[in-house]
Number of protein chains: 2
Amino acid sequence: MHSLNNLIIEFYDKLSSWEQSVVKDTGYSLAQVHTIEVLGSHGPMRMKELADRLGITTGTLTVQIEKLVNLGLVNRAAHEDDRRSILVGLTSEGTKLHAHHNRMHIELTKDITRNLDQHSIDVLKTCFEKMNREF
Amino acid sequence: MHSLNNLIIEFYDKLSSWEQSVVKDTGYSLAQVHTIEVLGSHGPMRMKELADRLGITTGTLTVQIEKLVNLGLVNRAAHEDDRRSILVGLTSEGTKLHAHHNRMHIELTKDITRNLDQHSIDVLKTCFEKMNREF
DNA sequence: GAGAATTATTTGATAATCAAACTAAGATGT
DNA sequence: ACATCTTAGTTTGATTATCAAATAATTCTC
């Protein structure tokens, strides 16, 4: 159990470093790219939901989104059913950035699984599915 | 490949959230606990090496370490061979905090692997070993 | 419909971060 | 040896990220 724990921590740390270096190349901040990632993979959502997913307060998010809107990556739209809320989503420019970032992720996944046979990959997927469910 | 990529990202995000909530309970900041984690698992090291591992500049680290020293979690010692360098390491108080945090990590690992049989765990370990090597 | 809860923004304060300048010490090349 | 180049850590000044609390608008509940 200890060894698996250490492997997970090492994996997490290396993924963190990778993300940091990839983000640095874009010229945007880590927080900004993370916001783009969440909006890109889950679609438009309300401020509250986005803040929860990012683990920050809505106050912090308000100023973040303001900047991303000014950068032309994100837009705000009225929420149909709830006039207190707004829906934030990606502009076409934001979508392009997300697609690029996602391609990098897929490249990385391809690279690090280079030496895994098909059976291992199948087991690995199942393990991730089960682990993700238990959080 | 796409599905594995998404599973990895989901795993990473959930681990992030978990870490954030666990750290919040300690009363220390994420950056502080991360520093303690690195020092705890790798032992005392020089500022430069620590900064590299944390992905921050030495300038940032200097003020971080100053705070951790004042909190009694970290100490500085002279480097034997290189008088430009100092070795930063955990105090007994810092070691205690690291041990506690590590126990939480092990608990988590135990929890999320609850539904995995022995064969899957063995494969999973091998996969992590191979993937960690490829970063 | 009155009171409670939720959503987003604003504000004021603090913490984290970087780049660049600086000091001290080691490494290198001739 | 010694001048130069590199490396390690600190300091400084500016920027960015963050939170908690106050506020305003809207929705929910009873």
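We use all heavy atoms of the structure for the numbers below, so side chains are in, but hydrogens, waters and symmetry mates are not. Proteins get letters first, then strands, A, B, ... in listed order; numbering begins at 1 in each.
A straight line from CG of A:L30 to P of C:dT17 spans 10 Å, rounded to a whole angstrom. One atom, CD of B:E66, and another, C1' of D:dT10, lie 10 Å apart when rounded to the nearest Å. Protein atom CD of A:E49 is 15 Å distant from nucleotide atom C1' of C:dT6, rounded to whole Å.
Remark: A:T60 is not in phosphate contact with D:dA17, judged by side-chain N or O atoms under 4.0 Å from OP1 or OP2. For B:T57, no side-chain nitrogen or oxygen approaches OP1 or OP2 of C:dT17 to under 4.0 Å. Residue B:R76 places no side-chain N or O under 4.0 Å from the OP1 or OP2 atom of D:dA8. Between D:dT18 and A:Q64, a contact under 4.0 Å exists linking OP1 or OP2 to a side-chain N or O. Contact annotation: B:S85 reaches the phosphate of D:dG9 (side-chain N/O to OP1 or OP2, under 4.0 Å). Proximity of A:K67 to the phosphate of D:dT16: no side-chain N or O atom is located under 4.0 Å from OP1 or OP2. The side chain of B:R46 places no N or O atom within less than 4.0 Å of a non-bridging phosphate oxygen (OP1 or OP2) of D:dG9. The shortest distance between the side-chain N/O atoms of B:R83 and the OP1/OP2 oxygens of C:dA24 is not below 4.0 Å. Taking only side-chain nitrogens and oxygens, A:S29 comes nearer than 4.0 Å to OP1 or OP2 of D:dA17.
Of the candidate nucleotides C:dC18, C:dT7, C:dT9, C:dC18 has the atom nearest to the side chain of B:I56. Closest to the side chain of A:K48, from the set C:dT17, D:dC19, C:dA8, is C:dA8.
When only modelled atom types and interatomic distance are considered, A:E10 and A:N6 share no side-chain donor-acceptor pair under 3.5 Å. Inspection of the A:T57 and A:T60 side chains reveals an N or O donor paired with an N or O acceptor under 3.5 Å.
Considering A:F11, A:W18, A:Y12 in turn, A:Y12 is the only one that fulfils the ring pair (Phe, Tyr, Trp, His ring centres under 6.0 Å) rule with B:Y12.
Taking the six-membered ring for Trp, B:H100 and B:H105 have ring centres at least 6.0 Å apart.
Residues A:D81 and A:G59 each lie close to DNA chain D; by heavy-atom proximity, the contact nearer the 5' end of the strand is made by A:G59. Comparing A:Q20 and A:D82 by the nucleotide of DNA chain C that holds the closest heavy atom to each, the one mapping nearer the 5' end is A:D82. Both B:K24 and B:L61 lie near DNA chain D, and the one whose nearest nucleotide falls closer to the 5' end is B:L61.
In summary, B:E134 and B:K130 do not engage in a salt bridge, as defined by a charged side-chain N under 4.0 Å from a carboxylate O.
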